[in-house]
Amino acid sequence: MIAIEQIRREPDAIRRAIKSRGEADPIDEILELDAAWRRDKTEADEIRNRRNQVNREIGHARSAGQAPAPEVIEEMRALGRRVDELEASAQQAEDQVREMLLNIPNLPLDDVPVGADSDANRVYREEGTATDLGFEGLPHWELAERLGIIDFQRGAKLSGSRFYTTIGAGARLERALIAWMLDLHTGEHGYTELSLPAVVRRDVMEGSGNLPKFADNLYHDDEDDLWLIPTAEVPITNLYRDEIIPPGQLPLQYVAQTPCFRRERAAAGRDTRGIKRVHQFNKVEMYQFVEPESSAEALERLLGHAEEICRRLGFSWRVLELCTGDMGFAAAKTYDIEVWAAGCQEWLEVSSCSNCTDFQARRANIRYRPEQGARPQWPHTLNGSGLALPRVMIAIMENNQQPDSSIVIPEVLRPYTGFDRIEAP
RNA sequence: GGAGAGAUGGCUGAGUGGACGAAAGCGCCGGUCUCGAAAACCGGAGUACGGGCAACUGUACCGUGGGUUCGAAUCCCACUCUCUCCGCCA
């Protein structure tokens with residue numbers, strides 16, 4: 001949520017920012033409602049002030065044994081009715097403003113490239129190149145089926161299209177990746193590991209910005225009004241909802257592996273083969289709560305933590321700086337990491353690292369106290385995949401495949417897998 | 001699923017419808033004393049919003065939302081959450 005104070009102060013800058021993201025601009029309407037709200041609130045406060053004074057006098061008189069004059073009571077009654085009216089209309093204006101604010105995306109940082117869609121994204125860094133295998137490689141869905149490590153048919157039998165089941169060495173490889181990534185981030189990058197609920201309440205989804213706008217992409221249990229998380233970012237953001245984090249605790253760095261559930265309705269018909277785009281997948285997620293001044297630098301470090309995974313797995317990858325029109329709703333700046341997959345000859349997005357500035361903190365009412373006695377402030381929040389499992393599996397399978405279709409396990413994973421190769425049958 | 005208890009400031013915990021934004025204790029911050037500390041004593045300290053350049057000031061907030069009343073932490077209704085016991089269960 002962006003700040004109403006900022007809209008009052010610099011409406012034009014905000015109009016420009018919203019336009020750069022290709023969104024409709026509600027600023028005029030917001031300003032009007034805000035003015036109405038302040039007018040009503042001021043008047044109501046003044047009336048209450050008078051009422052409080054008189055009521056105090058009535059109280060004193062009562063305890064001195066004097067009954068209040070009927071006309072005074074009558075006047076107070078009238079004031080009460082007026083306050084009720086003003087309160088109702090102020091409340092209405094406030095609700096409308098909040099509703100509109102909730103639907104405004106975060107403001108892009110100044111250095112974010114301006115553009116309408118992914119064509120305007122900028123290549124920020126390249127490590128390695130789109131290499132060739134030197135022989136005719138297979139896409140992962142054929143490889144995995146041939147090796148018997150992923151069962152697409154039976155996955156669909158259980159849960160429908162875009163669900164899959166890994167078997168044997170495939171399942172073990174995924175588990176090894178998860179354990180290794182968590183160990184790396186906790187051991188070398190300073191994160192604290194979390195194990196989280198995969199199902200959350202409505203207000204938690206609102207706090208992270210997924211509701212009300214993106215209900216379409218979420219699975220939902222009607223009976224209990226519970227929502228399946230699309231990413232661990234959702235529960236982690238809400239850990240400190242409605243709290244003031246005491247001095248000296250920031251930065252807080254968390255890492256968690258969770259399943260992620262996405263309906264992918266907008267992508268119907270796209271990427272239907274293999275495990276590139278599925279309804280349920282595992283992801284290791286990094287998350288930071290930091291002081292505002294350090295969030296830009298924190299994003300670079302977070303990105304580095306995700307890249308370190310790619311480096312140690314021997315991937316070729318590139319980092320994209322997303323343009324204004326391509327960023328997620330809560331992000332003020334986003335880097336995507338794409339790794340090269342030699343089988344389907346494609347760059348695959350394995351990570352998205354974002355600085356959400358104070359956007360999520362405001363929505364979820366998360367504050368921190370810079371020091372003893374200081375006023376509470378909004379921390380900045382950052383999140384980044386570290387990494388998403390299916391696409392990492394794809395890259396390992398496709399890039400490390402041999403002419404006989406066996407797959408060589410990256411060195412760093414071998415202590416976790418217990419084998420150094422997935423043999424062809 | 002059944003039965004019961006509860007929700008008040010950072011924590012513990014008082015609070016007969018009128019001086020209650022709220023006792024007291026602990027913890028915290030500042031000061032006196034001390035070479036320094038502890039103890040003791042004195043003082044300070046919630047959050048949000050509005051108005052004001054500011055000092056300041058007004059309003060709201062005792063789980064949430066309604067109601068009664070001139071006036072609600074206190075009375076009434078609904079809801080949410082927490083805890084305890086019983087049952088079932090990985």
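To find a chain, count down the sequence lines: A is the first, B the second, and so on, and within it residues start at 1. Scope of the values below: all heavy atoms of this structure, side chains included, with no hydrogens, waters or symmetry mates.
Straight-line distance from the OH atom of Y368(A) to the C1' atom of rU47(B): 17 Å, rounded to whole Å.
Taking side-chain N and O atoms only, N49(A) has no distance below 4.0 Å to OP1 or OP2 of rG58(B). Here N52(A) reaches the OP1 or OP2 of rA60(B): one of its side-chain N or O atoms lies under 4.0 Å away. Side-chain nitrogen and oxygen atoms of R369(A) include at least one within less than 4.0 Å of the OP1 or OP2 phosphate oxygen of rU47(B).
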Check: Where do F163(A) and F152(A) land on the side chain to side chain contact (heavy atoms under 4.5 Å, CB included) test, with the steps shown first?
Finding: CA-CA 7 Å; F163(A) 286 93; F152(A) 295 101; over 6 Å; no
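Distance noted for atom C1' between rC61(B) and rG52(B): 23 Å (whole Å). If you take atom C1' in rC42(B) and the same atom in rU59(B), they sit 33 Å apart, rounded to whole Å.
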Its contact letters, B for base, S for sugar-phosphate only and - for none at protein heavy atoms under 4.0 Å, make nucleotides 66-83 of chain B read ----BS---------S--
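Sorted by first then second residue, the salt bridge (charged side-chain N to carboxylate O under 4.0 Å, His left out) pairs that include residues 69-86 of chain A, not counting sequence neighbours, are E43(A)-R82(A), R50(A)-E75(A), E74(A)-R77(A), E74(A)-R81(A), R82(A)-E85(A). Screening residues 166-182 of chain A for salt bridge (charged side-chain N to carboxylate O under 4.0 Å, His left out) gives no qualifying pairs among residues at least two apart or on separate chains.
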Which atom pairs link the protein and nucleotides 55-57 of chain B when you take only N or O atoms and keep those under 3.5 Å?
none

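Tested against D336(A) for a side chain to side chain donor-acceptor pair (under 3.5 Å), the candidates S351(A), S352(A), S354(A) yield a single pass: S352(A).
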A correct dot-bracket answer for RNA chain B, with pairs being Watson-Crick or G-U at under 3.5 Å, [ ] for crossing pairs and | for inter-strand pairs, is ((((((((.[[[..)..(.....]]].(((((.......))))).((((((....)))))).[[[[[..)....]]]]])))))))....
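Proximity of residues 81-96 of chain A to RNA chain B (heavy atom under 4.0 angstrom from any strand atom) is not detected for any residue.
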